[in-house]
Amino acid sequence: MRVPVLQSMSAKRGGLLSSAPNLLCILGLAAVYFCTAKLGLAMAFDAAQVTVVWPPTGIALTAILLLGYRAWPGILLGAFLANVTTHEPITTALGIGLGNTLEAVAGAWLLQRAGFDTSLRRVRDVLCLFIYSALLSTMVSATIGVTSLCLGYVQPWDLYGKLWWEWWLGDATGSLMCASLLLVWCSGRTFNWSAAQIKEASILMAGLILVSVAILSPLLNTENSVMTYKFIIFPFIVWAALRFGQRGTTATIIVASAIAIGGILQHVGVSSIALVNHDLVVLQFFMIIMTATGLLLAAAVAEREEIAKELRIANHRKDNFLALLSHELRNPLAPIISAAHTLQLPTIGAERRREAQDIIIRHADHMTHLVDDLLDVSRISHGKIELRKQHVSLAKAIADAVETVKPSIDAHGHTLTLQLPPKPIWLNADPTRIAQIFANLLGNATKYTPPGGQIWLGTEADENTVTVRVRDTGIGIAKNMVNLIFEPFMQVDSSIERSHGGLGIGLALVRKLVGLHEGSVQVISEGVGRGSEFIIRLPRILHDDSVKIISETAPPKSELPTKKPQVIRPEIQVVRPEISAPVAPIAQNNTTKSSLRVLVVDDNEILAKTFSWMLEILGHEVRFAHDAETALATALEFLPDVLMLDIGLPKVNGYELCQTLRAQPALKHSLFIAQTGWGQSEHRARSKAAGFDYHLVKPVDISVLEQLFSSLHIPKTPT
Ligand code: ADP
């Protein structure tokens with residue numbers, strides 16, 4: 001989890017530093033600062049107050065970043081005490097303390113403004129830490145500190161340049177190495193290394209220590225050993241960066257750095273102090289470059305892993321969407337194919353012919369809508385939709401929308417109440433798109449309201465704005481989903497058993513189209529089962545009777561693909577292949593029937609009806625049911641040879657229904673076929689687990705069905 005600086009600061013400000021424990025915290029920080037400062041000053045060789053090893057800078061920066069700006073007294077106190085005890089006048093110690101404090105505050109401020117993330121998992125965060133903290137903010141302390149020393153006559157002005165450089169180098173290494181170590185280990189991310197990783201990390205650390213000790217041990221120690229050592233630690237840091245992220249990298253760097261400093265300090269008393277100091281300066285300079293390289297490499301690896309994770313999620317979403325899309329396209333395709341087969345019958349009556357033609361037209365229309373919506377989403381997201389704006393009467397747009405959804409409202413037995421304003425209201429809008437917005441909302445209200453519900457569309461207007469509310473008494477929307485449903489492909493219920501169709505793009509389209517008309521859309525719901533209200537606000541205009549066409553560049557309808565839709569030939573999936581072979585033990589008493597009793601269970605009445613026409617063409621006796629309860633009663637009375645069950649049934653889904661029916665002794669010889677729009681391998685596996693013999697994907701081709709039924713050896717069910 002990324003913890004932006006601002007967030008971590010404000011989260012802590014109120015708590016950790018606001019009362020009594022804060023004093024302890026500040027004193028604790030001062031104590032840590034003091035101790036590490038003393039450790040650093042123990043390596044001050046050119047001047048007693050200036051050292052190239054200065055971990056307190058990193059500690060101070062981390063304290064401000066994690067605890068907030070109120071941590072500054074702890075830094076000031078620690079720095080002051082460390083300096084005042086180093087043969088300095090109080091004013092000089094105070095000046096240095098202020099410089100050290102300002103350095104940490106300035107560094108944190110710069111990082112905060114840059115949107116720095118303390119986990120250092122992005123290359124930009126490492127660069128920010130390197131540039132703003134290690135390179136820039138450290139100049140504040142070096143300048144104030146060395147100036148204070150010279151002003152207080154503690155050090156001569158002619159050493160100013162040399163001391164400034166060493167001061168800056170010590171602070172820069174402290175800032176980069178200690179701050180990165182503390183920040184990544186305190187970033188709040190869970191430590192989730194596997195056992196194998198811990199083993200590998202232990203090998204790395206043990207290897208580093210062994211090699212270090214071998215190279216730097218007094219026995220082998222030569223003049224060039226520190227130089228050799230620097231080359232040796234390089235592969236260990238790269239290894240850590242590639243394999244163990246920032247935590248592994250910072251830990252390796254600190255261990256390597258500590259060992260190298262220890263190696264150099266062995267020469268104190270042996271070599272000249274100037275030489276030891278020179279070695280330390282070179283080492284620290286090398287460590288800055290090494291640390292930056294290691295941190296950048298680890299961040300690049302983390303970014304690559306993040307991208308790979310996002311790609312995996314996107315790929316998974318794409319697979320889900322394709323499954324949903326094929327389900328939604330197969331559903332209307334199934335009645336079209338069944339009705340088309342029925343039309344081929346020479347003996348078809350006039351009424352059934354009319355009904356079949358009507359079904360084909362209606363479902364082809366539905367498919368066209370789906371494809372249009374999909375293309376719209378893609379066009380809008382690529383900014384390719386242009387509106388054909390003109391003066392549009394709001395009442396006319398609403399009437400067009402109502403006309404579109406009327407058949408569905410009637411079919412569900414809903415009551416629609418319209419409340420239009422007494423005077424005409426005009427919009428400068430694309431009439432088709434405005435009607436599409438209202439039709440989508442009314443369509444959803446119809447879809448997500450149980451039969452017999454109430455839908456209400458009301459309008460109100462002030463001088464500049466018109467507000468349209470679409471309210472229903474439907475299933476409502478859970479509070480945590482309210483802000484999400486306008487996202488493309490977002491559905492509250494995306495389960496396989498869901499009884500409402502749709503691709504989850506209607507509301508995304510509504511939001512985009514309303515936005516293109518400079519309006520807004522909002523949804524209110526008291527929660528699940530408590531209805532929903534969608535509120536659209538659009539700018540209104542005063543009508544001047546002349547129809548003004550602002551843009552005619554909207555893509556013509558003919559842009560839609562003219563390719564004939566491909567008929568998807570369903571594959572028969574045998575989930576229990578042994579059933580399709582003759583059932584040897586009971587074959588004696590059974591005969592193969594040419595005419596079968598088939599029970600079709602589908603909540604889509606048109607689909608069930610057209611499918612039963614198809615089965616009748618094949619000479620079978622068919623009954624259908626639209627829900628689980630009726631299916632069970634019909635099955636026990638009709639004793640079907642074959643049960644073809646849809647999966648997405650309301651209340652009890654097809655899997656559960658199959659299990660219940662399979663448990664009936666009267667149906668023990670029956671054949672169970674899942675007939676569904678879901679065709680992924682996981683859906684087939686679920687069918688198999690539920691007890692289905694076959695899993696057929698809609699639309700089921702008549703010849704395939706014929707072939708399947710003729711190959712079946714179904715024991716004759718006693719009538
Ligand atoms: P679709 O209806 O095709 O799933 P939409 O984009 O139109 O896609 O809607 C997204 C989701 O918002 C729906 O799946 C549904 O969960 C929820 N939703 C939309 N309108 C309503 C409504 N009137 N009542 C309850 N839920 C709704």
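All of these numbers come straight from a predicted model, not from anything done at the bench. Read the numbers this way: they start at 1 and go in the same order the structure lists the ligands and their atoms.
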Can you sort out the partners of Lys396 under salt bridge (Lys or Arg N to Asp or Glu O under 4.0 Å), two or more places apart, ordered by chain and number?
Asp400
Min over Ile485, Val528, Leu441 of heavy-atom distance to atom 12 (O) of ligand 1 lands on Ile485
Ile475 heavy atoms within 4.0 Å reach ligand 1 at atoms 25 (C)
Contacting atoms of ligand 1, where contact means under 4.0 angstrom from a heavy atom of Val492:
14 (O), 16 (O)
Could you tell me whether Glu403 atom CD has more than 12 heavy atoms of other residues or ligands within 6.0 Å of it?
no
Does some side-chain heavy atom of Val601 sit less than 4.5 Å from a side-chain heavy atom of Asp627?
no
Taking the side chain as every heavy atom from C-beta outward, state whether Val700 and Phe611 have any atom pair closer than 4.5 Å.
yes
Return the orientation label for the His412 and His414 ring planes: parallel under 30°, perpendicular over 60°, tilted otherwise.
parallel
Any N or O of Ile477 that comes nearer than 3.5 Å to an N or O of ligand 1?
no
Should the heavy atoms of other residues, nucleotides or ligands under 6.0 Å from CD of Glu487 be counted, would the total exceed 12?
yes
Yes or no: does Phe486 have any heavy atom under 4.0 Å from an atom of ligand 1?
no
Numbered in order shown, the ligand 1 atoms found under 4.0 Å of a heavy atom of Gln491 are 1 (P), 3 (O), 4 (O), 14 (O)
Show the atoms of ligand 1 that are less than 4.0 angstrom away from any heavy atom in Gly504.
1 (P), 3 (O), 4 (O), 6 (O), 8 (O)
Should you measure from each heavy atom of Lys447, which atoms of ligand 1 turn up under 4.0 Å away?
1 (P), 2 (O), 3 (O)
Atom indices of ligand 1, in the order listed, that fall short of 4.0 Å to a heavy atom of Gly502
3 (O)
Quick look: Leu503 vs ligand 1, heavy-atom contacts under 4.0 Å, and the answer is backbone
What I want to know is whether Leu507 and ligand 1 share at least one N or O pair that is separated by under 3.5 angstrom.
yes
Of all the atoms in ligand 1, which lie at a distance below 4.0 Å from a heavy atom belonging to Met490?
10 (C), 11 (C)
Mind checking side-chain hydrogen bond (donor to acceptor under 3.5 Å, both in side chains) for Lys512 and listing every partner two or more places apart, or none if nothing turns up?
none
Mind checking whether Trp678 and His327 have parallel, tilted or perpendicular rings, split at 30° and 60°?
parallel
